[in-house]
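Comments concern the structure below.
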Amino acid sequence: MTSASPLDEICRPLKQCRICGKKDLVRFLDLGPMLLVNRYLTSTDLHQPEPKFPLEILFCRSCFLSQLSVVISPQILYANYAYHSSISKTFQEHCEKMANDLARTLDLGEQDLILEIASNDGCLLSYFKTFGSKVLGVEPAHNLAQIAKSKGLRTITRFWDQSVADDVVMQYGKARLVLATNVLAHVDDLHGFLRAVASVLKPDGVFVFEVPYMVNFMNRAEFDTAYHEHLSYFLLHPLKIALEKNGFVLADVHEFEIHGGSIRLMATRGGSLPGTGAENIQRLLNWEEELGLHVESSYLRFASHVALLKEELTVFLRALKIRDKKIAAYGASAKGNVLLNYCGIGRDLLEYVVDDTPAKQGKFYPGNHLPIVSRTHLHDIPPHYLLLLAWNFVDEMVKNTAQFREKGGRYIVPIPSLRVI
Ligand SMILES: [Zn+2]
């Protein structure tokens, strides 16, 4: 008998659909073997081997959930997570508005416990705390939990599961509101996760969560948001099935522009909520079907479009290089690195990547080893073109680099279709 290699323990193939359990899965997008794009490298890491894992999305013909073909061990992905909620001003504003809206809709009081799963650095909970409600966070990344604690937010440093839920009920009682923003896409055992949420909610409690919306992924060609942390790509249809299987009633849904287009779902243990929830839900379910997102052929068409984007971008960059143009990139995001690695764009085509996050500066992108530098490089070693890797912040990035533009610099926007501005 041969023993499993360490890589097999890190990476496990998906055997059946995460929601309906069927094996009727069809692969539609293959972004190739991909390294873990959130592991930024120091100069001493550059000589270490970097394992690659399949990055493929499968479509379930039965419940219409799109999901990665493999699951990477969460201990590897989240021990020290690089994404801080509070760094993005847009996300802060989103959190503040969300807290205000929910406090009003649910009439939250001082006695109500508000629990957030994957509370990150406490960005969202800190707004709820200002209303005087009791708040509690659960966050597995030690570095982020520490930041939240330093803001005076009680935080349990663990992965969410039934044992955490039981401990919360025993120590703090049941929650009136459970929050989870951008968490469910990261969860392998979705049913276990939802069952644990149900067990921690009061009978009149509400579970509110946000996920990136698959409709936007498809319509805006956001294929670069596919990376190993994102296990599922949700339509409303499969989410409704998952909620109902675990004792919830889907009560309302809203769309938001955050993170390239997300939906917020509100689920209860049986009751309805004030407002037009039933109509909102039906409208999105109908829309998903009208867009053809219940059939495999739409996904295959999407994959052809992605392959075409890759072709156009690489041909364009190579043509610039032949004309001796210098090209740099802006925005050392995880999705930026998915794009570069998928397209095979590296140091042969790009000089460096500018990023405004101090913690990333001085480090290197995994895989292509492009150096990540501060904005001052644009003045010191000016490129002719700047490839914008964070398409959700194009306006902000153009505004930040006024001098580069005034000196005749041009921008390349790769997604949803190649544009030069
Ligand atoms: Zn399914």
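Note that ligands are numbered from 1 as they come in the structure, with each ligand's atoms numbered from 1 the same way.
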**Request:** Look at the aromatic rings of Phe193 and Phe207 and report parallel, tilted or perpendicular, splitting at 30° and 60°.
**Result:** tilted
**Request:** Take the angle between the ring planes of Tyr233 and Phe217 and call it parallel below 30°, perpendicular above 60°, tilted in between.
**Result:** tilted
**Message:** Test side chain to side chain contact (heavy atoms under 4.5 Å, CB included) on Glu116 and Thr181; report intermediate values, then the result.
**Reply:** CA-CA 8 Å; Glu116 186 182 11; Thr181 61; 3.9 Å; yes
**Request:** Would you check if there is a donor-acceptor pair between the side chains of Arg18 and Ser232 at a distance under 3.5 Å?
**Result:** yes
**Fill in**
Residues at least two apart in sequence or cross-chain that pass side-chain hydrogen bond (donor to acceptor under 3.5 Å, both in side chains) with Lys335, listed by chain then number, are Asn392
**Item:** N-O pairing of Glu279 and Arg283 below 4.0 Å
**Value:** no
**Request:** Provide the protein N, O or S atoms situated under 2.8 Å from the Zn ion (ligand 1); waters are not included.
**Result:** Cys17 SG, Cys20 SG, Cys60 SG, Cys63 SG
